[in-house]
There are 2 protein chains.
Amino acid sequence: MTTSQRSTANLRRIDLSRATGCNVETIRYYETIGILPSPPRTAKGYRVYDHEHVSRLGFVMRARELGFTLEEVRGLLSLVDGDGLTCGEVQRRAQAHLDDVAARIADLQSIQSVLAGTVAKCTGKDVPECAVIDALMPA
Amino acid sequence: MTTSQRSTANLRRIDLSRATGCNVETIRYYETIGILPSPPRTAKGYRVYDHEHVSRLGFVMRARELGFTLEEVRGLLSLVDGDGLTCGEVQRRAQAHLDDVAARIADLQSIQSVLAGTVAKCTGKDVPECAVIDALMPA
DNA sequence: CTTTACCCTGTATCAACTACAGGGCGTAGA
DNA sequence: TCTACGCCCTGTAGTTGATACAGGGTAAAG
């Protein structure tokens with residue numbers, strides 16, 4: 001018996017941070033704001049996680065990587081948790097987020113073109129006249 | 001004498017908020033963090049601005065619109081204020097910011113393609129199976 | 001003289017975490 | 001068995017770039 005069962009309480013306890021790559025403080029933060037459920041504790045107060053927690057945190061992390069806000073993630077989770085989950089509703093929310101991403105890309109691209117245009121006018125020399133400053137500073 | 005000089009103190013007093021379109025609270029915030037200098041005050045404690053302030057705040061607002069952080073703005077302002085302003089240095093900082101913008105666009109575009117791909121797999125119907133959820137939720 | 005519109009200070013709030021202080025606990029090696 | 005190390009616990013404060021509000025003063029118009 002290598003990893004034997006000495007007290008059933010600690011059987012297959014999982015280090016959630018290591019299993020997901022998520023920062024411990026972030027896990028605790030998700031717990032306090034109700035994104036993750038409070039796990040059971042050992043007699044000494046240590047949190048005990050199982051595979052459900054790993055799965056749920058994985059969902060949260062993937063959604064965050066795709067740029068969903070925590071409120072949007074909360075909304076998606078409530079669809080998953082409750083019986084109100086329908087593909088149509090999820091698709092609607094994902095599409096709304098996609099529109100948002102597209103708008104942010106457009107904003108950044110217009111910034112990019114203005115900025116690139118101004119930088120291109122710079123001489124880049126060791127002189128105090130600068131096209132970037134002139135462009136930013138009102139007369 | 002229409003806008004006559006009755007006490008020199010209030011001569012040509014400027015409403016900085018109206019002149020720039022910047023929120024009053026934001027102006028005060030910029031003052032407390034040292035982005036804008038503390039203006040002189042009237043006897044009753046009202047701030048009195050001049051065209052220098054308008055110009056400086058305009059600079060800050062334009063730079064912010066182009067996505068510079070306040071710390072980057074502070075750096076550009078210190079170049080303008082001190083005698084250390086050279087076109088080369090400004091160009092270097094603007095280019096660094098431009099690289100940053102490009103990286104953020106690339107990130108958003110990869111999010112966009114992943115998300116668009118998943119949403120496209122949705123049936124969009126009133127059923128509880130959803131391709132988006134499946135893609136986000138680990139096995 | 002009163003109303004309205006603005007100004008003042010100071011503090012709290014938002015998102016999404018991160019960092020730290022100050023303490024307890026568990027385990028590995030000597 | 002002692003001790004050192006590393007991790008866990010709670011609670012609080014800091015980050016960025018503002019915004020909002022409470023509670024009070026003042027300036028200018030009718």
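Given the structure is predicted, the values throughout are model-derived calculations rather than measurements. Lettering of chains follows the sequences in order, A, B, ..., and the numbering in each one begins at 1.
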Electrostatic pair A:R28-A:E31, nearest N-O below 4.0 angstrom: no

Please find the pair of heavy atoms, one from A:R64 and one from A:F68, that lie closest to each other, and give the distance. NH1-O, 2.6 Å

B:C87 versus A:G124, closest heavy-atom pair with distance: SG-N, 3.5 Å

Chi angles and distances behind the side-chain contact (heavy atoms from CB on, under 4.5 Å) call for B:R74, B:I33: CA-CA 10 Å; B:R74 196 194 293 279; B:I33 66 169; 4.2 Å; yes

Using a distance-only criterion (donor-acceptor N/O pair, under 3.5 Å, no hydrogens), is the base of C:dG26 paired with the side chain of A:Y46? no

Any N or O donor-acceptor pair under 3.5 Å from the base of D:dG17 to the side chain of B:Y30? no

Take atom [atom1] of [X] and atom [atom2] of [N], then tell me their distance rounded to the nearest Å.
| X | N | atom1 | atom2 | result |
| --- | --- | --- | --- | --- |
| A:L66 | C:dA16 | CG | C1' | 17 Å |
| B:I33 | D:dT19 | CD1 | C1' | 14 Å |
| B:M61 | D:dG17 | CE | P | 15 Å |
| A:R47 | D:dC7 | CZ | C1' | 13 Å |
| B:I27 | C:dT9 | CD1 | P | 13 Å |
| B:E65 | D:dA18 | CD | C1' | 15 Å |
| B:R74 | D:dA18 | CZ | P | 12 Å |
| B:L57 | D:dA18 | CG | P | 11 Å |

Between B:R28 and A:E25, who's closer to the 5' end of DNA chain D by nearest nucleotide? A:E25

Is there a side-chain contact between B:T26 and the phosphate of D:dG17, meaning an N or O under 4.0 Å from OP1 or OP2? no

N or O in side chain of B:N23 less than 4.0 angstrom from D:dA18 OP1/OP2: no

Regarding A:H97 and A:D100, do their side chains bring together a donor and an acceptor under 3.5 Å, going by distance alone? no

Nearest to side-chain heavy atoms of [X], which nucleotide of [options]:
| X | options | answer |
| --- | --- | --- |
| A:Y29 | D:dT10, C:dC17, C:dC8 | C:dC17 |
| A:K44 | C:dA16, C:dT9, C:dC25 | C:dC25 |
| A:R41 | D:dC9, D:dA18, C:dA16 | D:dC9 |

